[in-house]
Structures are given as structure tokens and as C-alpha cells.
Amino acid sequence: MMYASILFALIVVFMVTSVGTMILYKIASFLGKRGYLGNLYPNVRGGVPRAIGVIPFIVLSFYMLPGYNNLILFIGIFALIDDILGRKMSPFGIEWGQISRGIGIILVIIIGLIEGLGIASFFIAMMIQPLNISDMQPGSTCMVTIIMCILTLLTMMLVGSPNACELPATYTPLLLLVTCVAYSPLDFSGKIMLGEVGNHSFGVTLGIAFYLIGGLLTLIIFGILTVALIAFVRRNTLRVFFRRNLRILDPTFGDFFMDVLTGGGLGDLIRSWFLKDKQYETTNPILISLGYRRLFYNPYAKHPKRYIPKNYIPRLGKGE
């Protein structure tokens, strides 16, 4: 009886997510082309509705395990505020969106502690970062989410994870998998964007699923695997980004990994607090391979370092 109820719920989730995504896409496209959506309709590929991930967010908030759904609810609300406000500066010298995201992360940690997750609540909240970085090219976040959900399901079946809230632990990755698959067709085609509300909701849900495998240890291990997978999926676009924006002309996989783990506006803001206007040079080959150049790259430095490999020959017409 329980498994029949789960199957019925997943069917409803698929239908609601797929139909809701399509309807919101049509409405957002209509309003966005007429200039009514502001930051929610950026001029990307001729105009793409942003924050369509609000549909998966709502679905996950309603169908997630009791207690755990509060983590998704609060991060989704503040992530949506981030999407709406965009890059508007606050009187505090940082963007309103960054403030909203920071509040959401803190609330996830606090609610996780209240729900008895302990230090794991911090690592669940930190899953927001890599999923946010992954959401910078069509379909990348959905691809990573689908792969990690399948890997989580297989691991749960192998290790025999215990029930959570009187439901099989496999319910959580199944719920996220079905939601993501239902949402993903328009995302893979580049017609919509998850936005912060979508990728943050996916990140927290993945973190919960990793925790349900076997606690804090599996959360950390699978979190690292997720970062590595995102770095691999985005390696080509990250290589271009490193060469054009960070002046690192010979990026390593460690640089890509570190960018996914610590990059983005919020990560660079934290760097500015610690590094001020200084730029530290990394020359040790081992540290370079581990991504320390990206870890200590300070975009706020007065004279940012340009890393040029030995025997480097610029190639015209390659954006270098």
C-alpha cells in the first residue's frame, strides 16, 4: 500500500512539474518579450525566462519528507528574492541578491540544527554553491542532478539505507529525479533557466538525499563527487572563462574544481574580505594542480596576476 502511494505521488509530481513548467514558460515568455519581467527575463539567447525553477521548488516543498521540506521552503523563498532583485547594490556595498542568498543559507543551517541534523546542516546548505555554478549553461544542472540521483539510488539499494519519516530513504532521490526529468526538456533546449530558486532547491534536496544514504560521511563524499562532476561537465566553458576573465591561461582540473566549490559572486566577495586588495601568487606545481590559483585568485586585487605557462604561444582568433 505504501509503495503504491509513493508511485501515485511520483506520477502526480511528474505531471504537475511538466505541465506547470510549460505553462509558466509560455506566460513568462509572453510577459518578458513585452518588458514586464525585468531581471526574470535576461537578454540571453534573445531572451530566456529565468526562475522557472520555481515550479520544481514548489513541488519539492510540498512532497519532500516532513521537516526536511522546511529547508527547501526557506532557501527557495530567499533564492526567489535573489532572482527578482538581481544585481542591485545595497547600501552595505554588496548586492541585495547576495544578502538574500546569505540569509537563506543561514536559515537552512539553523533549521537543519533544529531538525537534529547537526553539523550536516552546514554541508547541506553548502550544496547550494556547486549547483549554482553548474546553472550557467543549458541543461548542465539537470544533467548533474539526474546523474547524482541515480548514483544515490543505486548506493542506497546497495547499502540498505534506513527509512526516513516512515518512508524509504530512496523516496528523496526518486522525488528529485522525477521532478528534474519532468522539468528538464525545456532547460536542455536552452528555452528556460532554473534561476537561483531552482538550482538552490535542487542543491539542498541533493544534500538531504546524500545525508540519508549514511549520514555526514556520505554527505561529504557525494558532495565532493558532485563538485567534481560539475567541474567535468563545465570544463570547456570554464576553460574559456579562466582564460578571458581570470587571466589563467593554463587552467587545471583542480582550478575547475575549486571554481565550482568556491567561485561565483559570493565566493569572490568572501575572498575580498580576507585578501583585501592583495593577490598571492601560487607557483608550487602540486598546489597548482589542486586549484590553489583559483582558490586565492582575488578579482578585487589592484594588480591581478596573469598566469602564463612556459612556451605559451597566443593563437589569433581563439579568444586568447
Side-chain angles (χ1 to χ4, degrees), residues 17 20-21 24-25 28 32 37-42 44 48-64 68-90 92 94-112 121-138 140-142 144-145 148 172 175-176 179-180 183-184 186-187 192-209 223 226-227 230 260-270:
T17 304
T21 299
L24 187 58
Y25 160 63
L37 292 184
N39 293 319
L40 298 181
Y41 196 79
V44 178
V48 178
R50 180 184 177 88
I52 304 300
V54 70
I55 299 297
F57 154 63
I58 293 172
V59 170
L60 291 171
S61 298
F62 272 97
Y63 282 89
M64 188 58 184
Y68 295 106
N69 63 332
N70 291 328
L71 280 69
I72 302 169
L73 178 62
F74 279 93
I75 192 58
I77 291 172
F78 284 92
L80 182 58
I81 295 173
D82 187 354
D83 282 320
I84 295 171
L85 296 178
R87 310 209 62 173
K88 294 179 181 178
M89 294 299 297
S90 72
F92 309 106
I94 59 177
E95 299 169 6
W96 281 113
Q98 292 175 333
I99 293 175
S100 180
R101 187 190 311 173
I103 293 173
I105 291 173
I106 292 172
L107 286 175
V108 168
I109 296 173
I110 293 174
I111 295 170
S121 59
F122 171 81
F123 290 96
I124 290 174
M126 290 304 102
M127 285 299 300
I128 292 168
Q129 165 65 18
L131 269 292
N132 183 42
I133 295 296
S134 73
D135 192 28
M136 293 185 179
Q137 65 187 56
S140 58
T141 299
C142 291
V144 169
T145 301
M148 293 309 301
T172 297
L175 172 65
L176 180 56
T179 303
C180 185
Y183 161 86
S184 65
L186 289 174
D187 194 276
I192 58 175
M193 299 172 66
L194 274 167
E196 312 293 2
V197 62
N199 61 58
H200 286 25
S201 299
F202 281 7
V204 170
T205 308
L206 270 179
I208 295 170
T226 303
V227 172
I230 293 170
V260 174
L261 187 64
T262 68
L266 193 58
D268 287 336
L269 178 65
I270 294 174

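Quick note: residue numbers are just sequence positions, from 1. None of the values given here were measured: they were computed from a predicted structure. All values below come from the heavy atoms of this structure, side chains included, with hydrogens, waters and symmetry mates left out.
The only option from Val227, Thr226, Val204 that meets the side chain to side chain contact (heavy atoms under 4.5 Å, CB included) definition with Met127 turns out to be Thr226.
Considering only residues two or more places apart in sequence or on other chains, Ser121 meets the side chain to side chain contact (heavy atoms under 4.5 Å, CB included) condition with Ile109, Leu113, Leu117. Taking Ile106 as the reference, Ile110 meet the side chain to side chain contact (heavy atoms under 4.5 Å, CB included) condition, with sequence neighbours excluded. Residues satisfying the side chain to side chain donor-acceptor pair (under 3.5 Å) criterion with Tyr68, sequence neighbours excluded, are absent altogether. Contacts of Ile84 classified as side chain to side chain contact (heavy atoms under 4.5 Å, CB included), with partners at least two apart in sequence or in another chain: Leu40, Leu80. A search for side chain to side chain donor-acceptor pair (under 3.5 Å) contacts involving Thr141 returns Ser134, not counting sequence neighbours. Listed by chain and number, the residues in a side chain to side chain contact (heavy atoms under 4.5 Å, CB included) with Tyr41 are Lys33, Leu37, Pro49 (sequence neighbours excluded).
Between Phe74 and Ile111 there is a side-chain heavy-atom pair separated by less than 4.5 Å. Met64 has its side chain within reach of Thr172: a pair of non-hydrogen atoms, C-beta onward, lies under 4.5 Å apart. With contacts defined as side-chain heavy-atom distances shorter than 4.5 Å, the pair Ile75/Ile128 qualifies. Side-chain atoms of Glu196 and Ser100, non-hydrogen and from C-beta on, never get closer than 4.5 Å to each other.
In this structure a side-chain-to-backbone donor-acceptor pair under 3.5 Å is present from Asn39 to Leu85. A donor-acceptor pair is defined here as one N or O able to donate and one able to accept, closer than 3.5 Å; such a pair exists between the side chain of Tyr183 and the backbone of Leu194. Under a 3.5 Å cut-off, the side chain of Thr21 and the backbone N or O of Thr17 do form a donor-acceptor pair.
Met148 and Leu206 get closest at one heavy-atom pair: CB-CD2, 4.1 Å. Here the shortest heavy-atom pairing between Gly195 and Asp135 reads N-OD2, 3.4 Å. Annotation for Leu131 and Gly203: closest pair CG-CA, 3.7 Å, computed over non-hydrogen atoms. Heavy atoms only, all atoms of each residue included: Phe57 and Ile72 are closest at CE1-O, 3.3 Å.
For the atom pair Ile52 CD1 and Tyr25 OH, the distance stands at 9.5 Å (nearest 0.5 Å). The CD1 atom of Ile58 lies 12.0 Å from the OG1 atom of Thr179; values are rounded to the nearest 0.5 Å. Atom CG of residue Asn70 and atom OG of residue Ser61 lie 9.0 Å apart, to the nearest 0.5 angstrom. To the nearest 0.5 Å, atoms CH2 (Trp96) and CD1 (Ile81) are separated by 11.0 Å. Between Phe78 atom CZ and Ile103 atom CD1 the span is 5.5 Å, to the nearest 0.5 Å.
Sorted by first and then second residue, the side-chain hydrogen bond (donor to acceptor under 3.5 Å, both in side chains) pairs involving residues 72-86 (not counting sequence neighbours) are Arg50-Asp83, Asp82-Arg101. Within the structure, the side-chain hydrogen bond (donor to acceptor under 3.5 Å, both in side chains) test picks out no pair touching residues 200-209 (sequence neighbours left out).
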| query | Can you list the steps and then say if Leu24 with Val54 is a side chain to side chain contact (heavy atoms under 4.5 Å, CB included)? | reply | CA-CA 9 Å; Leu24 187 58; Val54 70; 3.4 Å; yes
